[in-house]
Protein chains: 2
Amino acid sequence: MASTDTKTKILDTAERLFAQKGFDAVSLRNIVEAAKVNLAAVHYHFGSKQALLHAVVSRRLRPVNDERLAMLAEARIKAGKRKLKLEAVLESLFVPVFRAQASHKSGGSFTRLIGRVVFDRNAELQKFMVGELAQVIIQFSRAFDEALPGLDKTEMDWRSHFMAGAMAHTLCNADLLASFTGTDAGAEGYETTVQRLVDFTAAGFRAKVFTHPKKQKSS
Amino acid sequence: MASTDTKTKILDTAERLFAQKGFDAVSLRNIVEAAKVNLAAVHYHFGSKQALLHAVVSRRLRPVNDERLAMLAEARIKAGKRKLKLEAVLESLFVPVFRAQASHKSGGSFTRLIGRVVFDRNAELQKFMVGELAQVIIQFSRAFDEALPGLDKTEMDWRSHFMAGAMAHTLCNADLLASFTGTDAGAEGYETTVQRLVDFTAAGFRAKVFTHPKKQKSS
DNA sequence: GGATGTTTCAAACAGTCGTTTGAATAAATG
DNA sequence: CATTTATTCAAACGACTGTTTGAAACATCC
């Protein structure tokens, strides 16, 4: 099975390079040169550069999303009849993706890629991601509602949005933390980083709601 | 002064297209076609595509940063001998950039561009941005320390990082909010959005600090 | 062994990219 | 007016892009 070997080499190399430089900035020739495989192998195994990106993303994201849903289900069981705990929901969302960085030998390139994907405006990738994330969004949206009963829907949407931004930025641009502040993001285990992120976002979700003025309808 | 006209047309068009599709995804030919100017005009007025990007960014970012520093200085005066208020610091950071969207007729493309710039890993742009933001980072870093005395430096760095992520995501991907949740980000004035973001991030900054275990040194 | 299907490879395809050139035009200056 | 300077323009440069081709090399099975 030399094919599997080539396929994996392409996936690993593409993952690393996409994470480092972005999708558009990396050419197939960059990839095949680094992976030491033939140029045409990419199209033979994946069909197109876009399809390669999808394969790279889903290879890592699918198990992460499965684990997210599993952790959330377990949190529900643990809560029993009691209210779902916000921190448990957030941990279910964060832990799998942050652990994937530490566990796999990919050297953290995967999380940068996932973070980057959120901010990349590749239209095809966007559609692909919505499909990959559909179940996660549905389930966690419901879980947040349960953990924060009574929070206005619009406010909930915005806060989820802020939370997603903090998460994506942490995944994607951990190196910026070091360059701007001098704090080394890699100095501590992923558990500590997740703990910090949970603390921050949970407090944000629970913030006292400012009463926003109704939008003046002029028509 | 037809030159100024051409120069401005290029800047406006490049700003819009870069914001929509990203730096790499937009070619100079896309820009000059939309701006209805000659291809060589870009190099005549700006020197290179990279330099054009820098010009696009700094044209908007410089006044925004000036206003940020001015608002922060005013907040200091208002506080007098009292402790600087966290919300005032955050507002000084958010208001100018969010207002720039509403005020200028660019149709919000500028804020998306600024948000995108944070997440783009264009190495040259990164260096450029560090220079443009240097004063802002120094001043606001100090302000956060004053507003939150006693907060551990590492924790402060991380929370600033989370805050920057929430801000950048809100600026860059406001449309995702609509596509994922159905909430229309443009339905309310920028003041309300800023208020929501201030509430969320201020609560995050003030969250009870979890006592992180010391990193086990194995050597 | 020969035939069949899978995987690799060098070479080329048709475009697009950022950039440069040198002449043509417009504006400003004497 | 002529002359110098600033700006526009069409055309081309070489390099790079994703993709395709068809023949080799390899593995598998009858």
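Below, chains carry the letters A, B, ... as their sequence lines are ordered, and counting in each starts from 1. Computed from a prediction, not measured in an experiment: that's the story for all the values here. In what follows, every heavy atom counts, from backbone to side chain, and hydrogens, waters and symmetry copies are set aside.
- Rounding to whole angstrom units, CG of residue Asn38(A) and P of dT8(C) are separated by 9 Å.
- Under the 30°/60° scheme for interplanar angles, the aromatic rings of Trp158(B) and His161(B) are found to stand perpendicular.
- Rounded to whole Å, the distance from NZ on Lys36(A) to C1' on dT8(C) is 17 Å.
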All N/O pairs under 3.5 Å across the protein-nucleotides 17-20 of chain D interface:
unit_1: dT17(D); atom_1: OP1; unit_2: Ser27(A); atom_2: OG; d: 2.9
unit_1: dG18(D); atom_1: OP1; unit_2: Lys49(A); atom_2: NZ; d: 2.8
unit_1: dG18(D); atom_1: OP2; unit_2: Leu28(A); atom_2: N; d: 2.9
unit_1: dG18(D); atom_1: N7; unit_2: Arg29(A); atom_2: NH1; d: 2.8
unit_1: dG18(D); atom_1: O6; unit_2: Arg29(A); atom_2: NH2; d: 2.8
unit_1: dT19(D); atom_1: OP2; unit_2: His43(A); atom_2: NE2; d: 2.8
unit_1: dT19(D); atom_1: OP2; unit_2: Lys49(A); atom_2: N; d: 2.8
unit_1: dT19(D); atom_1: O5'; unit_2: His43(A); atom_2: NE2; d: 3.1

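- Heavy-atom minimum distance, Ala40(A) versus Asn38(A): N-OD1, 2.9 Å.
- Straight-line distance from the CG atom of Asp5(B) to the P atom of dA26(C): 16 Å, rounded to whole Å.
- The CG atom of Asn122(B) sits 13 Å away from the P atom of dG18(C) (whole-angstrom rounding).
- Summarising the geometry, the separation between CD on Glu33(A) and P on dT8(C) is reported as 18 Å, rounded to the nearest angstrom.
- The existence of a salt bridge linking Glu146(A) and Arg76(A) is confirmed by a sub-4.0 Å separation between a basic side-chain nitrogen and an acidic carboxylate oxygen.
- Side-chain atoms of Asp199(A) never come within 3.5 Å of backbone atoms of Arg196(A) as a donor-acceptor pair (strictly under, hydrogens ignored).
- When atom types are taken as modelled, the side chain of Thr201(A) and the backbone of Leu197(A) share a donor-acceptor pair closer than 3.5 angstrom.
- The CD1-P distance, from Ile10(A) to dT7(C), rounds to 12 Å in whole Å.
- Residues Asp152(B) and Arg159(B) are not paired through a salt bridge, judged by the lack of any N-O separation under 4.0 Å between the basic side chain and the carboxylate.
- Stem analysis of DNA chain C (Watson-Crick or G-U pairs, both distances under 3.5 Å, runs of at least three) returns C:1-3 with D:28-30, C:7-23 with D:8-24, C:25-30 with D:1-6.
- Not one side-chain nitrogen or oxygen of His45(A) sits closer than 4.0 Å to the OP1 or OP2 atom of dT6(C).
- One can place OH of Tyr44(B) at 12 Å from C1' of dT25(C), the figure rounded to the nearest angstrom.
- The separation between Lys7(A) atom NZ and dT8(C) atom P is 11 Å, rounded to whole Å.
- Taking each heavy atom of Val26(B) and Leu17(B) in turn, the nearest pair found is CG2-O, 3.4 Å.
- Between Thr6(A) and the phosphate of dT7(C), there is no side-chain N or O to OP1/OP2 separation shorter than 4.0 Å.
- In summary, the aromatic rings of Phe144(B) and Phe205(B) are positioned with their centroids under 6.0 Å apart.
- Between His169(A) and His169(B), the ring centre distance reaches or exceeds 6.0 Å.
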